[in-house]
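Numbering starts at 1 and runs along the sequence shown.
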Amino acid sequence: MDSRHYRNLIVWKRARLLAIAVYRATGDKSFNRDWGLRDQMRRAAISVPSNIAEGNERGSDRDCARFLYFARGSLAELSTQADIAGEIGLLESSVAQRWTGECEELARILATLIRRRLCS
């Protein structure tokens, strides 16, 4: 397998695990009270590894960077939603904090990848 394949990227692997965790946690009965937030969190979460994968498979570094920016935007969205879900009691505060921290760390990793793609 190509070392530049998206499935080999640590950031993709971590984003995938985060998306799985979001899907599992939002399947809890507490989220039955707010389908809108649940669906928005799921869309944001799945968008991160999807955009990393799509960007990595693009033909140019500029295209790749564009999709990595989309992934960063989705991380900011998910982080905000997790924070709100924690504050209103739909998500345990420890889970919300863990997810927001992971979103911030993944965003830093993506920023580094973007710089490498745009400056190569």
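The pair Asp39-Arg42 does not count as a salt bridge, with every side-chain nitrogen at least 4.0 angstrom from each carboxylate oxygen.
Using a 4.5 Å heavy-atom cutoff, the side chains of Glu77 and Arg43 are not in contact. At least one side-chain heavy atom of Leu18 sits under 4.5 Å from a side-chain heavy atom of Leu78. Arg24 has its side chain within reach of Ile20: a pair of non-hydrogen atoms, C-beta onward, lies under 4.5 Å apart.
With values rounded to the nearest 0.5 angstrom, Glu54 atom CD is found 11.0 Å from Leu68 atom CG. With rounding to the nearest 0.5 Å, the separation of OG in Ser93 from CZ in Arg98 is 10.5 Å. Put simply, CG on Leu110 and CZ on Arg115 are 11.0 Å apart, with the number rounded to the nearest 0.5 Å. Taken from CG in Leu106 to CD1 in Ile52, the straight-line distance is 7.0 Å, to the nearest 0.5 Å. Once rounded to the nearest 0.5 Å, the distance linking CD of Gln97 with CG of Leu91 reads 10.5 Å.
Under a hydrophobic clustering in which Ile, Leu, Val, Met, Phe, Trp and Tyr are joined whenever their side-chain heavy atoms come within less than 4.5 Å, directly or via other members, Ile46 and Val48 fall into different clusters. At a threshold of 4.5 Å between side-chain heavy atoms, the hydrophobic network of Ile, Leu, Val, Met, Phe, Trp and Tyr places Leu75 and Leu17 in two separate groups. Hydrophobic clustering (side-chain heavy atoms under 4.5 Å, transitive across Ile, Leu, Val, Met, Phe, Trp, Tyr) groups Met41 together with Ile88.
Inspection of the Asn56 and Arg7 side chains reveals no N or O donor paired with an N or O acceptor under 3.5 Å.
When every heavy atom of Ala44 is checked against every heavy atom of Gln81, the shortest pair comes out as CB-OE1, 3.8 Å. The nearest pair of heavy atoms linking Phe31 to Ala25 is CD1-O, 3.7 Å. Contact record, Arg58 with Cys64: CB-N, 4.1 Å, taken as the closest heavy-atom pair. In terms of heavy-atom proximity, Trp12 sits nearest to Tyr6 at CB-O, 3.3 Å. Minimum heavy-atom separation, Trp99 to Val22: CH2-CA, 3.6 Å. Between Gly86 and Ala96, the shortest heavy-atom distance links the atoms CA-CB, 4.0 Å.
In terms of the salt bridge (charged side-chain N to carboxylate O under 4.0 Å, His left out) criterion, residue partners of Glu102 (sequence neighbours excluded) are, by chain and number, Arg14. With sequence neighbours left out, Phe70 forms a ring pair (Phe, Tyr, Trp, His ring centres under 6.0 Å) with Phe67.
In Arg38, the CZ atom is crowded: over 12 heavy atoms of neighbouring residues, nucleotides or ligands sit closer than 6.0 Å. The neighbour count for Glu105 CD, taken as heavy atoms of other residues, nucleotides or ligands under 6.0 Å away, is above 12.
Panel note: side chain Thr100, backbone Ser79; no donor-acceptor pair is recorded below 3.5 Å.
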